[in-house]
Amino acid sequence: MIAPSILSADFSRLGEEIEAVAGTGDTRADWVHVDVMDAHFVPNLTLGLPVVQSLLKHTDLPLDCHLMIEDPDRWAIGYAEAGAYNVTVHVEAARDPVKIAKDLRAAGAKAGLSIKPDTPLEDHLDTLKHYDTLLVMSVEPGFGGQSFIARVLDKVRTARRLVDTGHLNVVVEIDGGINADTIEQAAEAGVDCFVAGSAVYGAGDPGQAVAALREQAARAGAAH
Ligand code: DX5
Ligand code: ZN
(Lines give C-alpha, C1' and ligand atoms only; values in the text may rest on other atoms or scores of the structure.)
(Ligands and ions follow the chains in the order given, each with its own letter.)
Protein backbone atom coordinates (compact mmCIF):
# COMPACT_ATOMS: atom_id res chain seq x y z
CA MET A 1 0.00 0.00 0.00
CA ILE A 2 1.10 3.57 -0.70
CA ALA A 3 0.13 6.41 1.64
CA PRO A 4 1.10 9.82 0.25
CA SER A 5 1.90 12.31 3.01
CA ILE A 6 0.25 15.68 2.48
CA LEU A 7 3.00 17.27 4.58
CA SER A 8 4.76 17.85 1.24
CA ALA A 9 1.60 19.11 -0.50
CA ASP A 10 0.51 22.72 -1.05
CA PHE A 11 -1.32 23.53 2.20
CA SER A 12 -3.43 26.21 0.49
CA ARG A 13 -4.92 23.54 -1.81
CA LEU A 14 -5.10 20.40 0.30
CA GLY A 15 -8.39 19.19 -1.18
CA GLU A 16 -7.04 19.34 -4.75
CA GLU A 17 -3.75 17.80 -3.67
CA ILE A 18 -5.63 14.78 -2.28
CA GLU A 19 -7.68 14.56 -5.49
CA ALA A 20 -4.38 14.22 -7.38
CA VAL A 21 -3.92 10.79 -5.72
CA ALA A 22 -7.61 9.83 -5.61
CA GLY A 23 -8.11 8.75 -9.22
CA THR A 24 -8.88 5.22 -10.32
CA GLY A 25 -6.56 2.29 -10.90
CA ASP A 26 -2.82 2.32 -10.27
CA THR A 27 -2.56 6.03 -9.58
CA ARG A 28 -4.98 5.86 -6.62
CA ALA A 29 -3.44 6.02 -3.15
CA ASP A 30 -4.43 3.39 -0.59
CA TRP A 31 -4.41 5.78 2.38
CA VAL A 32 -3.72 9.50 2.69
CA HIS A 33 -1.19 10.17 5.44
CA VAL A 34 -1.89 13.27 7.53
CA ASP A 35 0.94 14.50 9.76
CA VAL A 36 -0.36 16.26 12.86
CA MET A 37 2.45 18.12 14.68
CA ASP A 38 2.09 20.25 17.79
CA ALA A 39 5.47 22.04 18.09
CA HIS A 40 6.00 20.21 21.41
CA PHE A 41 6.46 16.51 20.69
CA VAL A 42 8.25 17.60 17.50
CA PRO A 43 9.78 20.98 16.63
CA ASN A 44 7.24 21.73 13.92
CA LEU A 45 3.59 22.75 13.71
CA THR A 46 1.21 21.59 10.99
CA LEU A 47 -2.53 21.07 11.32
CA GLY A 48 -5.09 19.58 13.67
CA LEU A 49 -8.59 18.24 14.01
CA PRO A 50 -10.52 21.04 12.22
CA VAL A 51 -8.47 20.53 9.06
CA VAL A 52 -8.86 16.75 9.29
CA GLN A 53 -12.63 17.17 9.67
CA SER A 54 -12.70 19.27 6.49
CA LEU A 55 -10.57 16.77 4.58
CA LEU A 56 -12.87 13.94 5.62
CA LYS A 57 -15.77 15.76 3.98
CA HIS A 58 -13.73 16.22 0.83
CA THR A 59 -12.38 12.71 0.17
CA ASP A 60 -13.44 9.08 0.37
CA LEU A 61 -9.83 7.90 0.66
CA PRO A 62 -9.03 6.49 4.11
CA LEU A 63 -7.19 9.06 6.23
CA ASP A 64 -4.16 7.81 8.12
CA CYS A 65 -3.59 10.36 10.89
CA HIS A 66 -0.08 10.34 12.35
CA LEU A 67 -0.20 12.24 15.62
CA MET A 68 3.20 13.66 16.53
CA ILE A 69 1.78 15.35 19.60
CA GLU A 70 2.04 15.36 23.35
CA ASP A 71 -0.82 13.93 25.37
CA PRO A 72 -2.31 11.63 22.72
CA ASP A 73 -4.24 10.06 25.63
CA ARG A 74 -6.39 13.19 25.51
CA TRP A 75 -6.40 14.15 21.83
CA ALA A 76 -6.30 10.97 19.71
CA ILE A 77 -9.92 9.97 20.26
CA GLY A 78 -11.21 13.09 18.47
CA TYR A 79 -9.62 11.99 15.20
CA ALA A 80 -11.28 8.57 15.48
CA GLU A 81 -14.65 10.10 16.29
CA ALA A 82 -14.30 12.43 13.30
CA GLY A 83 -13.96 9.40 11.02
CA ALA A 84 -10.24 8.92 10.39
CA TYR A 85 -9.58 5.38 9.16
CA ASN A 86 -6.37 4.87 11.15
CA VAL A 87 -5.11 6.97 14.05
CA THR A 88 -1.46 6.53 15.02
CA VAL A 89 0.05 7.76 18.29
CA HIS A 90 3.68 7.74 19.39
CA VAL A 91 4.59 5.26 22.08
CA GLU A 92 7.12 7.82 23.39
CA ALA A 93 4.28 10.27 24.10
CA ALA A 94 1.53 7.95 25.30
CA ARG A 95 0.84 7.43 29.00
CA ASP A 96 -1.55 4.49 28.59
CA PRO A 97 -1.21 3.19 25.04
CA VAL A 98 -3.40 0.14 25.66
CA LYS A 99 -6.29 2.36 26.74
CA ILE A 100 -5.72 4.62 23.73
CA ALA A 101 -5.98 1.62 21.38
CA LYS A 102 -9.17 0.42 23.03
CA ASP A 103 -10.71 3.90 22.81
CA LEU A 104 -9.72 4.32 19.15
CA ARG A 105 -11.19 0.95 18.21
CA ALA A 106 -14.37 1.62 20.18
CA ALA A 107 -14.76 4.83 18.17
CA GLY A 108 -14.52 2.82 14.95
CA ALA A 109 -10.93 3.54 13.89
CA LYS A 110 -7.90 1.37 13.45
CA ALA A 111 -5.29 1.99 16.12
CA GLY A 112 -1.69 2.68 15.17
CA LEU A 113 1.44 2.79 17.30
CA SER A 114 4.55 4.59 16.06
CA ILE A 115 8.14 4.19 17.20
CA LYS A 116 10.92 6.70 16.55
CA PRO A 117 14.17 5.47 14.95
CA ASP A 118 15.92 4.91 18.31
CA THR A 119 12.95 3.37 20.12
CA PRO A 120 13.34 -0.41 20.46
CA LEU A 121 10.50 -2.57 19.18
CA GLU A 122 11.05 -5.30 21.76
CA ASP A 123 9.96 -3.08 24.67
CA HIS A 124 6.49 -2.61 23.20
CA LEU A 125 5.47 -6.02 21.87
CA ASP A 126 2.81 -6.61 24.52
CA THR A 127 1.31 -3.18 23.83
CA LEU A 128 1.29 -3.87 20.09
CA LYS A 129 -1.04 -6.82 20.60
CA HIS A 130 -3.77 -4.19 21.06
CA TYR A 131 -2.92 -2.34 17.86
CA ASP A 132 -3.75 -2.69 14.15
CA THR A 133 -0.83 -0.74 12.70
CA LEU A 134 2.86 -0.41 13.56
CA LEU A 135 4.41 2.76 12.12
CA VAL A 136 8.19 2.46 12.03
CA MET A 137 9.76 5.90 11.67
CA SER A 138 12.69 5.90 9.25
CA VAL A 139 13.54 9.56 9.98
CA GLU A 140 13.31 11.61 13.17
CA PRO A 141 9.72 12.84 13.11
CA GLY A 142 9.16 16.52 12.40
CA PHE A 143 9.99 17.30 8.79
CA GLY A 144 9.56 15.95 5.28
CA GLY A 145 12.41 15.47 2.85
CA GLN A 146 14.93 13.89 5.26
CA SER A 147 17.25 10.98 4.46
CA PHE A 148 16.13 7.41 5.07
CA ILE A 149 17.65 5.73 8.16
CA ALA A 150 18.27 2.17 6.97
CA ARG A 151 19.04 0.70 10.38
CA VAL A 152 15.33 0.78 11.30
CA LEU A 153 14.83 -2.05 8.81
CA ASP A 154 15.95 -4.48 11.51
CA LYS A 155 12.76 -3.54 13.39
CA VAL A 156 10.73 -4.04 10.22
CA ARG A 157 12.23 -7.52 9.75
CA THR A 158 11.43 -8.43 13.35
CA ALA A 159 7.86 -7.17 13.04
CA ARG A 160 7.41 -8.99 9.71
CA ARG A 161 8.56 -12.26 11.31
CA LEU A 162 6.22 -11.81 14.29
CA VAL A 163 3.26 -11.10 11.97
CA ASP A 164 4.07 -14.01 9.67
CA THR A 165 4.32 -16.42 12.61
CA GLY A 166 1.03 -15.24 14.09
CA HIS A 167 2.50 -13.51 17.15
CA LEU A 168 1.38 -10.04 16.05
CA ASN A 169 -1.45 -8.85 13.84
CA VAL A 170 -0.44 -5.43 12.54
CA VAL A 171 0.01 -3.68 9.23
CA VAL A 172 3.71 -2.79 9.07
CA GLU A 173 4.02 0.80 7.87
CA ILE A 174 7.17 2.86 7.30
CA ASP A 175 7.48 6.65 7.27
CA GLY A 176 10.36 8.89 6.25
CA GLY A 177 12.71 9.10 3.29
CA ILE A 178 10.79 6.62 1.14
CA ASN A 179 11.48 7.17 -2.57
CA ALA A 180 12.61 5.29 -5.67
CA ASP A 181 16.07 4.76 -4.12
CA THR A 182 14.88 3.36 -0.78
CA ILE A 183 11.51 1.67 -1.29
CA GLU A 184 12.96 -1.61 -2.52
CA GLN A 185 15.01 -2.28 0.61
CA ALA A 186 11.97 -1.45 2.74
CA ALA A 187 9.79 -3.79 0.67
CA GLU A 188 12.37 -6.57 0.97
CA ALA A 189 12.40 -6.12 4.75
CA GLY A 190 8.65 -6.73 4.80
CA VAL A 191 6.84 -3.38 4.85
CA ASP A 192 3.11 -3.48 3.99
CA CYS A 193 2.41 0.25 3.73
CA PHE A 194 4.80 2.96 2.53
CA VAL A 195 4.34 6.61 3.48
CA ALA A 196 5.86 8.96 0.90
CA GLY A 197 5.69 12.72 1.09
CA SER A 198 8.30 14.49 -1.04
CA ALA A 199 8.54 11.50 -3.45
CA VAL A 200 4.83 11.89 -4.28
CA TYR A 201 4.11 15.61 -3.94
CA GLY A 202 7.53 16.67 -5.21
CA ALA A 203 6.84 14.76 -8.44
CA GLY A 204 5.29 16.42 -11.48
CA ASP A 205 2.38 13.99 -11.40
CA PRO A 206 1.60 12.72 -7.87
CA GLY A 207 -0.71 9.98 -9.15
CA GLN A 208 1.99 8.60 -11.45
CA ALA A 209 4.43 8.69 -8.54
CA VAL A 210 2.02 6.57 -6.48
CA ALA A 211 1.74 4.04 -9.31
CA ALA A 212 5.51 3.88 -9.85
CA LEU A 213 6.32 3.46 -6.15
CA ARG A 214 3.68 0.74 -5.71
CA GLU A 215 4.99 -1.20 -8.70
CA GLN A 216 8.57 -0.91 -7.50
CA ALA A 217 7.63 -2.09 -3.99
CA ALA A 218 5.53 -4.97 -5.31
CA ARG A 219 8.37 -6.20 -7.50
CA ALA A 220 10.94 -6.00 -4.73
CA GLY A 221 8.61 -7.57 -2.17
CA ALA A 222 7.66 -10.43 -4.48
CA ALA A 223 11.28 -11.17 -5.41
CA HIS A 224 12.12 -11.61 -1.77
C1 DX5 B 1 7.86 13.19 9.16
C2 DX5 B 1 6.49 12.76 8.74
C3 DX5 B 1 6.46 12.10 7.42
C4 DX5 B 1 6.89 12.96 6.27
C5 DX5 B 1 7.58 12.09 5.30
O6 DX5 B 1 7.85 13.54 10.50
O7 DX5 B 1 5.95 11.86 9.69
O8 DX5 B 1 5.17 11.54 7.16
O9 DX5 B 1 5.83 13.58 5.59
O10 DX5 B 1 8.11 12.88 4.29
P11 DX5 B 1 9.18 12.29 3.27
O12 DX5 B 1 8.51 11.15 2.54
O13 DX5 B 1 9.50 13.44 2.40
O14 DX5 B 1 10.35 11.81 4.07
ZN1 ZN C 1 4.09 10.79 9.15
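Start at 1 with the first residue, then count along the sequence. Order of appearance sets the numbers: ligands from 1, and atoms from 1 within every ligand.
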Original post:
Can Asp64 and His66 be counted as having a side-chain donor-acceptor contact under 3.5 angstrom?
Top reply: no
Subject >> Min side-chain heavy-atom separation Ile6-Leu55 under 4.5 Å >> reply: yes
**OP:** May I ask you to decide if Thr182's main-chain N or O and Asn179's side chain share a donor-acceptor pair within less than 3.5 Å?
**Re:** yes
Original post:
Can you list the atoms of ligand 1 that are under 4.0 Å from a heavy atom of His33?
Top reply: 8 (O)
Original post:
Tell me, which protein residue and heavy-atom name are nearest atom 7 (O) of ligand 1, and how many Å apart are they?
Top reply: Asp175 OD2, 2.8 Å
Subject >> Working for side-chain contact (heavy atoms from CB on, under 4.5 Å), residues Leu56 and Tyr85 >> reply: CA-CA 10 Å; Leu56 283 162; Tyr85 176 76; over 6 Å; no
**OP:** Give the numbers and elements of all ligand 1 atoms closer than 4.0 Å to a heavy atom of Pro141.
**Re:** 6 (O)
Original post:
Can you tell me which residue and heavy atom of the protein come closest to atom 12 (O) of ligand 1, and the distance to 0.1 Å?
Top reply: Gly197 N, 2.8 Å
Original post:
What atoms in ligand 1 come closer than 4.0 Å to a heavy atom of Gly176?
Top reply: 14 (O)
Original post:
Looking at His66, which atoms of ligand 1 are within less than 4.0 Å of one of its heavy atoms?
Top reply: 7 (O)
**OP:** Using 2.8 Å as the cut-off, note every protein N, O or S atom close to the Zn ion (ligand 2).
**Re:** His33 NE2, Asp35 OD1, His66 ND1, Asp175 OD2
Original post:
What is the nearest protein non-hydrogen atom to atom 6 (O) of ligand 1, stated with its residue, atom name and distance?
Top reply: Gly142 N, 2.7 Å
Original post:
Under 4.0 Å from any heavy atom of Ala196, which atoms of ligand 1 are there?
Top reply: 12 (O)
**OP:** Go through ligand 1 atom by atom and flag the ones less than 4.0 Å from a non-hydrogen atom of Val195.
**Re:** 8 (O)
Subject >> Any Ala199 heavy atom less than 4.0 Å from ligand 1 >> reply: no
Subject >> Pairwise distance CG(Asp175) to CG(Asp35) - rounded to 0.5 angstrom >> reply: 6.0 Å
Original post:
So, Asn86 and Thr88: side-chain donor and acceptor under 3.5 Å apart, yes or no?
Top reply: yes
**OP:** List every atom of ligand 1 that sits less than 4.0 Å from any heavy atom of Met137, numbering the atoms from 1 in the order shown and giving each element.
**Re:** 7 (O)
Original post:
What protein heavy atom sits nearest atom 14 (O) of ligand 1, and how far away is it?
Top reply: Gly177 N, 2.8 Å
Original post:
Please state which protein non-hydrogen atom is closest to atom 9 (O) of ligand 1 and give its distance, to 0.1 Å?
Top reply: Ser5 OG, 2.8 Å
**OP:** Return a yes/no value for Val139: is any of its N or O atoms, backbone included, closer than 3.5 angstrom to an N or O of ligand 1?
**Re:** no
Subject >> Point-to-point distance, once rounded to the nearest 0.5 Å, from CG of Leu213 to CG of Asp26 >> reply: 12.0 Å
Original post:
Salt bridge between Asp164 and Arg161, side-chain N to carboxylate O under 4.0 Å?
Top reply: no
Subject >> Closest protein heavy atom (residue, atom, distance) for atom 10 (O) of ligand 1 >> reply: Gly144 CA, 3.5 Å
Original post:
What atoms in ligand 1 come closer than 4.0 Å to a heavy atom of Met68?
Top reply: 6 (O), 7 (O)
Original post:
Considering residues at least two apart in sequence or located in another chain, which fulfil the side chain to side chain donor-acceptor pair (under 3.5 Å) criterion with Glu184?
Top reply: Gln216
Original post:
Above 12 or not: heavy atoms from other molecules or residues under 6.0 Å from CG of Asp205?
Top reply: yes
Original post:
CD1/Ile183 to CD1/Ile178 distance, rounded to the nearest 0.5 angstrom?
Top reply: 6.0 Å
Original post:
Hey, any chance Leu7 and Met68 share a hydrophobic cluster, counting ILVMFWY side chains that come within less than 4.5 Å of each other, even indirectly?
Top reply: yes
Subject >> Atom pair CG/CG of Asp132 and Leu104 - distance to nearest 0.5 Å >> reply: 9.0 Å
**OP:** Report the nearest protein non-hydrogen atom to atom 1 (C) of ligand 1: residue, atom name, distance rounded to 0.1 Å.
**Re:** Phe143 O, 3.6 Å
Original post:
Closest non-hydrogen protein atom to atom 13 (O) of ligand 1, residue and atom name please, with distance?
Top reply: Ser198 OG, 2.5 Å
Subject >> Linked, directly or transitively: Ile2 and Leu61 (ILVMFWY side chains, under 4.5 Å) >> reply: yes
Subject >> Intermediate values then yes/no, side-chain contact (heavy atoms from CB on, under 4.5 Å), Asp192 and Val163 >> reply: CA-CA 11 Å; Asp192 299 303; Val163 171; 5.8 Å; no
